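The structure presented is a predicted model; accordingly, all values stated were derived computationally and were not measured. Counting from 1, the numbers follow the sequence of the chain as shown.
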Amino acid sequence: MASKISVLGSTGSIGTQTLDVARMHGLEITALTANSNINLLEKQAREFHPKMVAVLDLGAAAQLKIALRDTDIEVFCGEEGICNAAVEPECDTVVNAIVGVAGLVPTLSAIKAGKNIALANKETLVAGGALVMKSVNSYGVKLYPVDSEHSAIFQCLQGCPKNSLKKIILTASGGAFFGKTKDELENVTVKEALSHPNWEMGAKITIDSATMMNKGLEVIEASWLFNCKDEDIDVIIHRESIIHSMIQLKDNAVIAQLGVPDMRIPIQYALTYPNRLASPTKELDLSEIGCMNFQKPDYETFRCLSICRKALRLGGLYPTVANAANEAAVEMFLREQIRFLDIAEIVGNAVDTFKDNTENFTLEDILNTDKNTRLKVKDKYGHNNY
């Protein structure tokens, strides 16, 4: 069980809910980081009294340093500052709630410093799964999934005999546009795409849910976490978000993890494993739910899911390309530079045209591929405005 934690991305949705769990169970916070939200970060720092805080934005970091001058909390800035938080000496567990591939380098830094990882940053494994899992094994640390789906799989596997897993079944809410056709999605707005039916999440992951890119990324993440191939991972639409994922064993028995849609359950399990402690979430009342429904995904309308599966099968740096193109496309969509359906078109084109693949890639290869992919996408589409 974790006792002293650093929270990377503490002002975001996962970060604030992590602090809910820490508050309830008296976990010590050694470091907090944010992108630029220094008002909330200052409040968190004053409540939890970490050894240090870090802000990615240099100007915001300078302001925070002035705001916290009456404390003994050290303030760091930039990417180096975020990595400093990831390797804070007294910390035993790092919660990585950073959005996007920016979470990769801090994760690797924390692993090399001997820290256990509670991973909410799926892009870390999508872009750098081979390097991350190799480092986890080399440095003998633990990696606990925080995504509700991967936490569910991890929980379902507890007590199962080794080599008994036949299939992983990832559930998906279907996002804001489940059941819509391509024609109906032609002119959807940013506001509509940000209206998730069940979960309260940040903008990027909510858009990823609407395109089902999020589920595609989770397929790739699951392949690394649980050593599975694409064909061993099913996806099923479950609108109620009560079953968070399932496993099918070799005897065809299926085990599911259920709960109300509240991220504090998987966050707490990652931090308190193997213990089961009182939770700040409400109980699940199945009689109140009444019934649960399941449908197959629409791979044709929501192409991002199939594109991610293709990238996983191709291997190497293809998942890095898919992720980078998506991050760039989502950013442009949120700025209303492209349409909703353009996101899948951009990601698919990036994967189809990528040629410089290698199985034996380095961290530098990942970062260069990520950078080059983003530049190509923004150069081609970034000047649009619909």
Side-chain angles (χ1 to χ4, degrees), residues 1-2 93 111 116-120 122 124-126 128-173 214-238 240-261 263 265-277 279 284 286 292-297 299 305-306 308-313 315 319:
M1 177 171 167
T93 301
I111 292 169
N116 292 328
I117 308 295
L119 188 65
K122 59 178 59 66
T124 284
L125 289 179
V126 171
L131 292 181
V132 172
M133 299 311 293
K134 181 179 179 180
S135 293
V136 165
N137 294 327
S138 296
Y139 290 92
V141 302
K142 302 294 185 183
L143 192 158
Y144 300 111
V146 169
D147 268 352
S148 61
E149 295 83 359
H150 302 96
S151 175
I153 296 162
F154 179 60
Q155 292 178 60
C156 289
L157 285 169
Q158 300 307 304
C160 291
K162 189 176 181 181
N163 299 322
S164 63
L165 180 65
K166 179 179 181 180
K167 185 185 296 183
I168 284 171
I169 306 169
L170 291 172
T171 55
S173 69
N214 192 49
K215 205 54 51 179
L217 297 177
E218 288 174 7
V219 169
I220 299 172
E221 185 180 8
S223 74
W224 287 110
L225 283 170
F226 306 108
N227 193 28
C228 292
K229 297 179 180 178
D230 172 60
E231 57 265 30
D232 301 323
I233 305 171
D234 282 352
V235 174
I236 191 165
I237 304 296
H238 169 50
E240 294 83 6
S241 296
I242 298 300
I243 295 178
H244 298 297
S245 275
M246 298 171 270
I247 60 171
Q248 185 175 29
L249 302 177
K250 288 183 177 177
D251 61 1
N252 289 330
V254 175
I255 300 174
Q257 187 265 327
L258 288 71
V260 295
M263 283 303 300
I265 295 176
I267 291 168
Q268 177 168 301
Y269 193 66
L271 293 176
T272 63
Y273 176 83
N275 299 319
R276 293 285 189 173
L277 305 181
S279 168
L284 173 64
L286 287 175
M292 292 182 283
N293 299 280
F294 307 93
Q295 292 90 22
K296 290 183 178 180
Y299 281 91
L305 178 53
S306 57
C308 284
R309 284 188 174 278
K310 178 180 179 179
L312 174 59
R313 292 191 297 271

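- Side-chain contact between Ile236 and Pro297: absent, with no pair of heavy atoms (C-beta onward) separated by less than 4.5 Å.
- Checked by atom type and distance alone, the side chain of Glu218 never pairs as donor or acceptor with a backbone atom of His150 at under 3.5 Å.
- Within 6.0 Å of atom CG in Asn252, more than 12 heavy atoms from other residues, nucleotides or ligands are found, so the atom counts as buried in its surroundings.
- Tested against Ile233, the residues Ile220, Ile168, Ile169, Ile153 include a single side-chain contact (heavy atoms from CB on, under 4.5 Å) partner, Ile168.
- Rounding to the nearest 0.5 angstrom, the gap separating the CD atom in Glu149 from the OG atom in Ser241 is 8.0 Å.
- Expressed to the nearest 0.5 Å, how far CG of Leu143 lies from CE of Met133 amounts to 6.0 Å.
- Ala270 and Tyr144 get closest at one heavy-atom pair: O-CD1, 3.6 Å.
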Test side-chain contact (heavy atoms from CB on, under 4.5 Å) on Leu258 and Leu286 and set out the steps. CA-CA 10 Å; Leu258 288 71; Leu286 287 175; 4.1 Å; yes
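- Smallest separation of non-hydrogen atoms from Phe154 and Pro145: CB-CG, 3.9 Å.
- Interatomic distance, Leu157 CG to Ile247 CD1, rounded to the nearest 0.5 Å: 4.5 Å.
- Across all non-hydrogen atoms, the minimal contact from Ile237 to Ser173 is CG2-O, 4.0 Å.
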Where do Gln158 and Tyr273 land on the side-chain hydrogen bond (donor to acceptor under 3.5 Å, both in side chains) test, with the steps shown first? CA-CA 11 Å; Gln158 300 307 304; Tyr273 176 83; 3.0 Å; yes
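- The minimum heavy-atom distance between Cys156 and Cys160, with the atom names listed, is O-SG, 3.4 Å.
- Nearest heavy-atom pair across Asn275 and Met1 is ND2-SD, 3.6 Å.
- When the options Asp234, Asp232, Asp230 are evaluated for a salt bridge (Lys or Arg N to Asp or Glu O under 4.0 Å) with Lys167, the one that passes is Asp234.
- Glu221 places none of its side-chain heavy atoms less than 4.5 Å from the side chain of Thr124.
- Contact check for His244 versus Ile265: no side-chain heavy atoms found under the 4.5 Å cut-off.
- Of all the heavy atoms in Ile243 and Met246, the pair that sits closest is CG2-CG, 3.7 Å.
- To the nearest 0.5 Å, atom CD of residue Gln248 and atom OG of residue Ser164 are 11.5 Å apart.
- Taking CD from Gln155 and CD1 from Ile255, the interatomic distance works out to 12.0 Å, rounded to the nearest 0.5 Å.
- In this structure, Glu231 CD and Leu312 CG are separated by 8.5 Å, a value rounded to the nearest 0.5 Å.
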